[in-house]
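Worth knowing before you read on, the calculation uses all heavy atoms, side chains too, and leaves out hydrogens, waters and symmetry mates.
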Amino acid sequence: MDFDYTSTEQSFRQEVKDFLAANLPPKSERDKNFLTNWLEKVRAKGWVGFSWPKAFGGSDGGLIEQAILKEEMALAKAPPLGTSMMGLAWVGPGIMEYGTEEQKQRFIPDILDSKVTWCTGYSEPNHGSDLAAIQCKAELVGDNYVVNGQKIWTTGAPWSQWIILLVRTDFDVQSKHDGITCLLVPMDAPGVEVRPIENMAGDKHFAEIFFTDVQVPLENRLGAEGDGWKVTVSALANERSSIGEVTQMYEKLDKLKNLVQNTRKQGKPASEDPGVRRTIARFEMKIAAMKYNGLRFLTKQIKGEPLTSETSINKLHRASLEIEMDDFAVELNGEAGLQLRGGEQAVDQGTWSKSALNWPNVVIGGGTPNIQRNIIAERLLGQPKD
Ligand SMILES: Cc1cc2nc3c(=O)[nH]c(=O)nc-3n(C[C@H](O)[C@H](O)[C@H](O)COP(=O)(O)OP(=O)(O)OC[C@H]3O[C@@H](n4cnc5c(N)ncnc54)[C@H](O)[C@@H]3O)c2cc1C
């Protein structure tokens with residue numbers, strides 16, 4: 001692995017830094033037009049869908065440049081490069097790979113221009129980890145699929161305009177991975193009912209969605225009927241070297257280091273306590289492990305080898321590390337550490353306790369730790385299935 005950046009890569013990093021210095025004011029100075037202007041500017045730079053082919057409005061950007069872009073954006077705590085995280089991460093790439101010409105023309109520009117937000121309708125009340133067991137059904141009647149069933153935990157559903165939806169079109173199948181179809185459904189279609197769910201941190205980011213006789217035109221099917229599993233698996237494999245996430249973890253560690261310097265333990269700054277110091281050092285080593293794993297994945301991608309099961313390593317690692325860091329910060333401050341924003345003694349405006357309450361976001365969202373362990377054991381370590 002070569003850790004040195006070429007001069008072209010270094011000048012790209014400088015270009016991103018200069019752009020950020022010129023266009024990212026401190027949060028307190030951002031007015032109501034800031035986000036719209038920001039989105040227009042990053043779009044004009046060609047940084048939205050940076051690695052997408054030029055033919056689809058992307059920049060054909062290289063993987064290292066993309067990692068640099070993500071790293072610098074995360075370091076500067078910049079807003080996202082588009083309003084539809086899922087649109088950019090897998091709906092767009094899925095449409096580019098499996099969509100019809102008409103679908104490409106219709107959906108891709110709006111994702112890049114932040115005109116629409118997408119959500120992902122995979123999980124159902126009884127089928128989360130075992131995704132292929134989905135029961136939400138669609139029946140082709142004339143030129144429309146008629147969808148009936150329920151989805152749950154759909155992040156962004158309360159404000160999204162479109163959903164990428166997995167439905168079962170055939171119940172009489174040998175393997176549960178067959179008979180699944182992927183549909184692109186407008187959230188304002190008659191018969192779609194969104195009921196937001198409040199999580200324990202008080203946020204309403206996700207929802208359950210009920211589909212009652214929802215008519216979805218045949219032209220909104222992504223890929224062939226029965227190919228939904230293939231479409232989903234390949235779409236989800238996009239952009240997963242986790243380099244941007246590592247930068248966020250380093251940011252979090254810096255915040256934690258600040259916290260221990262400013263917290264008193266037995267009459268002294270907690271940062272002088274040997275136990276606290278050991279814990280901080282352990283976190284730092286774990287983040288470094290995540291970083292070098294991320295670089296290994298990036299190297300693999302650069303060699304043209306697709307990423308598959310190995311991304312489960314960082315997903316699992318990050319989940320437990322985030323919880324450890326949040327819990328440590330909360331415990332360090334005793335009762336005050338538990339207070340949320342607005343609490344009289346809230347620490348760092350309650351961000352640690354809020355993050356501790358939001359642990360399911362990183363732990364369960366996108367697949368539980370047990371599922372990641374199964375993937376690592378079976379597919380990477382070659383352990384038997386039972
Ligand atoms: C914050 C958040 C956001 C989410 N966003 C979305 C979204 O946008 N779209 C979407 O479709 N879904 C979303 N989900 C749903 C998420 O993908 C599922 O919750 C997750 O896959 C787990 O499924 P489940 O809830 O049905 O739990 P289950 O699958 O019932 O799992 C329950 C427990 O059993 C364990 N388990 C299950 N199967 C096995 C096995 N084979 N081996 C060992 N242990 C097993 C699990 O690890 C877990 O501990 C979100 C969830 C959260 C928490």
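- Within a 6.0 Å sphere centred on CD of Gln135, heavy atoms belonging to other residues, nucleotides or ligands number more than 12.
- Between the side chains of Asp178 and Gln174, no donor N or O sits under 3.5 Å from an acceptor N or O.
- A salt bridge links Arg13 with Glu71: at least one charged nitrogen is closer than 4.0 Å to a carboxylate oxygen.
- In this structure, Ser114 and Gly82 approach most closely via the heavy-atom pair OG-CA, 3.3 Å.
- Within a 6.0 Å radius of CD in Glu102, more than 12 heavy atoms belonging to other residues, nucleotides or ligands are found.
- Between Phe50 and Phe12, the distance separating the two ring centers is shorter than 6.0 angstrom.
- With no hydrogens or angles considered, no side-chain donor-acceptor pair links Lys137 and Asn148 at under 3.5 Å.
- Comment: Arg296 does not engage Glu310 in a salt bridge, judged by the lack of any side-chain N to carboxylate O separation of less than 4.0 angstrom.
- Cluster annotation: Ile280 and Trp352 are assigned to the same hydrophobic cluster (Ile/Leu/Val/Met/Phe/Trp/Tyr, side-chain heavy-atom contacts under 4.5 Å, transitive).
- Checked by atom type and distance alone, the side chain of Asn144 never pairs as donor or acceptor with a backbone atom of Val146 at under 3.5 Å.
- Looking at Lys252 and Glu322, a side-chain N of the basic residue comes within less than 4.0 Å of a carboxylate O on the acidic one, giving a salt bridge.
- No side-chain donor-acceptor contact under 3.5 Å links Gln383 to the backbone of Ala377.
- Classified by interplanar angle (parallel below 30°, tilted 30° to 60°, perpendicular above 60°), the ring pair Phe328/Phe283 is perpendicular.
- In this structure, the side chains of Thr100 and Leu222 stay at 4.5 Å or more apart for every pair of heavy atoms.
- Between the side chain of Asp348 and the backbone N or O of Thr351 there is no donor-acceptor pair closer than 3.5 Å.
- Formation of a donor-acceptor pair under 3.5 Å by the Thr169 side chain with backbone atoms of Gly179 is found in this model.
- Side-chain atoms of Ser175 come within 3.5 Å of backbone atoms of His177 as a donor-acceptor pair (strictly under, hydrogens ignored).
- The hydrophobic cluster containing Met285 does not contain Tyr292, counting ILVMFWY residues as joined when their side-chain heavy atoms lie under 4.5 angstrom apart, directly or transitively.
- Under the 4.5 Å side-chain criterion, counting only non-hydrogen atoms from C-beta, Pro269 is not in contact with Val260.
- Salt-bridge check for Arg277 with Glu272: failed, with every basic side-chain N at 4.0 Å or more from each acidic carboxylate O.
- Tracing side-chain contacts under 4.5 Å through hydrophobic residues (I, L, V, M, F, W, Y), one reaches Leu166 starting from Val91; they form part of the same cluster.
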side-chain contact (heavy atoms from CB on, under 4.5 Å) between Phe297 and Asn314, worked out: CA-CA 10 Å; Phe297 305 154; Asn314 270 1; 3.9 Å; yes
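- Atom NZ of Lys204 sits in a sparse spot, with 12 or fewer heavy atoms from other residues, nucleotides or ligands closer than 6.0 Å.
- Ionic pairing of Glu208 and Lys151 is not present here: no N-O contact between side-chain nitrogen and carboxylate oxygen is shorter than 4.0 angstrom.
- Here the shortest heavy-atom pairing between Pro93 and Trp52 reads CD-CZ2, 3.7 Å.
- The number of heavy-atom neighbours closer than 6.0 Å to CZ of Arg30, taken from other residues, nucleotides and ligands shown, is above 12.
- The pair Asp273-Lys265 counts as a salt bridge, with a side-chain nitrogen and a carboxylate oxygen less than 4.0 angstrom apart.
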Item to complete: Show your reasoning for whether side-chain contact (heavy atoms from CB on, under 4.5 Å) applies to Gln66 and Gln301.
Response: CA-CA 12 Å; Gln66 176 168 266; Gln301 282 181 299; over 6 Å; no
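- Checking Ile163, Thr212, Ile209 one by one against Val192, the side chain to side chain contact (heavy atoms under 4.5 Å, CB included) holds for a single residue, Ile209.
- Lys104 contributes no side-chain N or O that, together with a main-chain N or O of Ile95, makes up a donor-acceptor pair within less than 3.5 Å.
- Side-chain N or O atoms of Asp31 include one that pairs as donor or acceptor with a backbone N or O of Phe34 at under 3.5 Å.
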Apply side-chain contact (heavy atoms from CB on, under 4.5 Å) to the pair Thr154 and Phe206, showing each step before the final yes or no.
-> CA-CA 5 Å; Thr154 319; Phe206 48 34; 5.6 Å; no
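- Looking at Trp38, its side chain never comes within 3.5 Å of a backbone N or O of Ala78 through a donor-acceptor pair.
- Cluster membership for Trp162 and Leu183, using ILVMFWY side-chain heavy atoms within less than 4.5 angstrom, is not shared.
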Exercise for review: Start with the C-alpha gap between Glu225 and Tyr145, add the side-chain angles, then the distance that decides, and say whether side-chain hydrogen bond (donor to acceptor under 3.5 Å, both in side chains) holds.
Suggested key: CA-CA 11 Å; Glu225 183 169 301; Tyr145 282 100; 2.5 Å; yes
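- With respect to Glu139 and Arg168, no salt bridge is recorded, no charged nitrogen being found less than 4.0 Å from a carboxylate O.
- When the side chains of ILVMFWY residues are joined at heavy-atom separations under 4.5 Å, either directly or via intervening members, Val363 and Ile375 end up in two distinct hydrophobic clusters.
- A 6.0 Å sphere centred on NZ of Lys255 holds more than 12 heavy atoms belonging to other residues, nucleotides or ligands.
- Counting heavy atoms from C-beta on, the side chains of Glu324 and Arg282 come closer than 4.5 Å.
- A donor-acceptor contact shorter than 3.5 Å is absent between the side chain of Ser309 and the backbone of Leu380.
- Heavy atoms only, all atoms of each residue included: Gly337 and Ser353 are closest at O-CB, 3.3 Å.
- Residues Glu245 and Arg318 form a side-chain contact, since some pair of their non-hydrogen atoms from C-beta on lies under 4.5 Å apart.
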| Test log, rule side-chain contact (heavy atoms from CB on, under 4.5 Å), inputs Val362 and Lys315 | CA-CA 8 Å; Val362 281; Lys315 163 91 174 76; over 6 Å; no
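- Judged purely by atom type and a 3.5 angstrom limit, Asn220 uses its side chain to pair as donor or acceptor with the backbone of Leu184.
- Remark: Lys286 does not engage Glu284 in a salt bridge, criterion side-chain N to carboxylate O under 4.0 Å.
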